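All remarks here apply to the structure that follows.
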Amino acid sequence: MGVVERQVADRRDVSATVPVLDVSDLAIRFAAHPPGIHVADGVSLSVGPGKTLCVVGESGCGKSIVSLAVMGLLPKPAATVTAGAVRFEGRDLLALSEHALADLRGDRMAMIFQEPMTALNPAFTIGDQIAESVVRHRNCSQAQGRARARDMLERVRIPAAATRLDAYPHEMSGGMRQRAMIAMALANDPTLLIADEPTTALDVTIQAQILALIRQLQTESGTAVVLVTHDLGVVAEVADEVAVMYAGRVVERGPVADIFDDPQHPYTIGLLGSMPGLGKRLGRLAAIPGSVPPPEAFSSACRFASRCPFVTARCTSERPPLRALGVGNHRVACFEAPVETISGRVR
Amino acid sequence: MLEMIARRLLIALPTLILVSIFVFGLQKLLPGDPVLVIAGEERDPQVLAYLRELYRFDDPIPLQYWAWIKQVVQGNFGASLRTGASVSALIVQKLPVTLQLAAFAMIFALGIGIPLGVFAATRKGTWVDSAVSTMALSGLSIPNFWLGIILILIVSVNFRLLPASGFVSLWEDPWRALQTMIMPAFVLGNALAATIMRHTRSSMLEVLSQDYVRTARAKGLFEPAVVWKHAFRNALIPVVSIATLLFGELMAGAVLTEQIFSIPGFGKLIVDGVFNRDYSVVQGVVLCVAVGFIAMNLLADILYVIVNPRLRGTR
């Protein structure tokens, strides 16, 4: 399938279905930062049923904090949502009571974290921790919860699932723990799974297994997945849609084919260029000059301006809106896009 | 687990021997002649020489120690130099009294210290946290004897609510026992409660910032389950060992508390023993306390393994 046909197909998909998760203009600030500084600033994302959205960016770009905000797990009182809306299955999560939100968490929407070594409670067995979530949301007996936990361990392909139920986290390897985390997250068949760098802490071979596992469980259950990552290889592997974040903002989003074949934002272009490929090495690996500004130095204009080879006067005074580009859902927050208009104008 | 206990017991053995040597030696270093104590008013040199011979006070000290320790391992601590009563019998008689006081004080300290510590940690930085910390600080700063006397004055003398002194065994009359124990247990336990509260608070604060607490919230658990099940279970690990190791403080405090409330326990026995130069009593009691301390250390190790699955051997 060519790029264009795939775009058309994607567009039809999106228009045919209501998104499971729809984040619009989300702004989050930390109490410790100076007033007016937002670690997430006007972030808009959405993901349809059964689809995978990858949120990409360097560390500190706000991708993790956005996923925590969706789950209602922002550290309190350090961080607060100051603007925007998070709609999940049509409900406004930000307007829900703490109690109603807790009813959704672990049931309709679930989350897995980066560090399988510390994300599981060392004092309880794997079986207890999975069963706990089942009993909490399904009002079933402990025995039923345990039976479900065993089924889930089998589904995530943990060998000897029945005996592993009584294992403590420290008795398992990192990959096995992450499988157990996935089993726990998917135990109640959620419609949304948020995975925050789920493979970053794992060995490369295990990474691929975990990704394949998530992918397969997703096809089986039709769960929508938001995968937060900085690894473009992972994105190419699993994404339907991609949102590229930089310094608290989404700078480009669209179907994965568009982002990889036709990147429009200078940051995305730089990011793709800095991705090491297989095969013969052709000179030095490209790098984006400069570094991500700390939140204290976030500007209200384009935040990439200081590192951008195509920067103009407008970029340093005005915020570029996330605007649609051509066909499909490809959107970019750059005054100078599409790139055809600026090629040959590199500073 | 059994292997661990056996290993600890083996380690405890040399400790015990060292303690016994120390206890015995310390007595020999004290000024004053025990023979004069035994003889009382008697000053006849012949009698004194006879007593010296009888108690083998002129033997080389290692020989004296050997004679003493041989009896001790058979459960015989000798006779009180002053009254002639069996020291073992005295210990058996007084130990339950102090154990009852210590148990009440510990229950009070844990019952107050742990909930307050958790409460303060979950409300870190609020006025509740400051209030609890201030309370703990005053609990640590107020001297036992002062608190005891003030309590007796107010509660017993002015309001006549509780008995000012005495001891009733819990097995004989639980209600009276409770009445006589409230004030001493409070006096003895309040400093411990403050210590336990502070350790619980800092331990909880550390645990509450852990990833698995966030996981528990991500499962949709309500805050009480997150705090009391997932966080508390882990925060308890250091608190358990600290509480067991506070046994020493408990014993030191019991000496004072028993004096204030005229409780005929271990503390009173040891104070009277020291004042009377009743060496065999002091030796027996101190050795008993030392054994108790070693036992508590062992208990701390065992509890530590029970609350911390990471220390259990893999199956």
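Because the structure is a prediction, the values reported are computed rather than measured. Each chain gets a letter, A, B and so on, in the order its sequence line appears, and its residues count up from 1.
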Handout entry: Largest heavy-atom contact set with chain B, pairs under 4.5 Å, which of A:Ala119, A:Ala185, A:Ser133
Key = A:Ala119
Problem - A:Arg136 and B:Lys219, any side-chain heavy atoms less than 4.5 Å apart - result: no
Practice task
Check A:Ala123 against B:Pro309 and note the closest heavy-atom contact, atom names and distance.
Solution key: CA-CG, 3.6 Å
Handout entry: Residue part contacting chain B, namely of A:Asn121, when any heavy atom lies under 4.5 Å
Key = both
Practice task
Quick one: which of A:Met117, A:Glu132, A:Gln114 has the most heavy-atom pairs under 4.5 Å with chain B, could you say?
Solution key: A:Glu132
Completion exercise
Between A:Met71 and B:Ala218, the two heavy atoms sitting closest are CE-O, 4.0 Å
Exercise for the section: Among B:Arg217, B:His230, B:Glu223, single out the residue with the greatest number of heavy-atom pairs under 4.5 Å to chain A. Expected result: B:His230
Fill in the blank from the handout: Honestly, the part of A:Leu68 sitting under 4.5 Å from a heavy atom of chain B is side chain
Handout entry: B:Leu221 versus chain A, the contacting section by heavy-atom distance below 4.5 Å
Key = both
Exercise for the section: Using a 4.5 Å cut-off on heavy atoms from C-beta on, say whether the side chain of B:Lys229 contacts that of A:Phe124. Expected result: yes
Problem - Validation row: A:Glu98, B:Phe222 side chains within 4.5 angstrom (heavy atoms) - result: no
Handout entry: Interface residue of largest heavy-atom contact number with chain B, from A:His99, A:Gln129, A:His137, under 4.5 Å
Key = A:His99
Handout entry: Side chain to side chain, A:Met181 and B:Thr215, heavy atoms closer than 4.5 Å
Key = yes
Completion exercise
Comparing A:Met184, A:Met111, A:Glu115, A:Met109 against chain B, the one with the most heavy-atom pairs below 4.5 Å turns out to be A:Met184
Problem - Other residues, nucleotides, ligands: >12 heavy atoms within 6.0 Å of B:Phe22 CZ - result: no
Practice task
Look at atom CZ of A:Arg29 and say whether more than 12 heavy atoms of other residues, nucleotides or ligands are closer to it than 6.0 Å.
Solution key: yes
Practice task
For A:Glu220, look at atom CD and say whether over 12 heavy atoms of other residues, nucleotides or ligands are found less than 6.0 Å away.
Solution key: yes
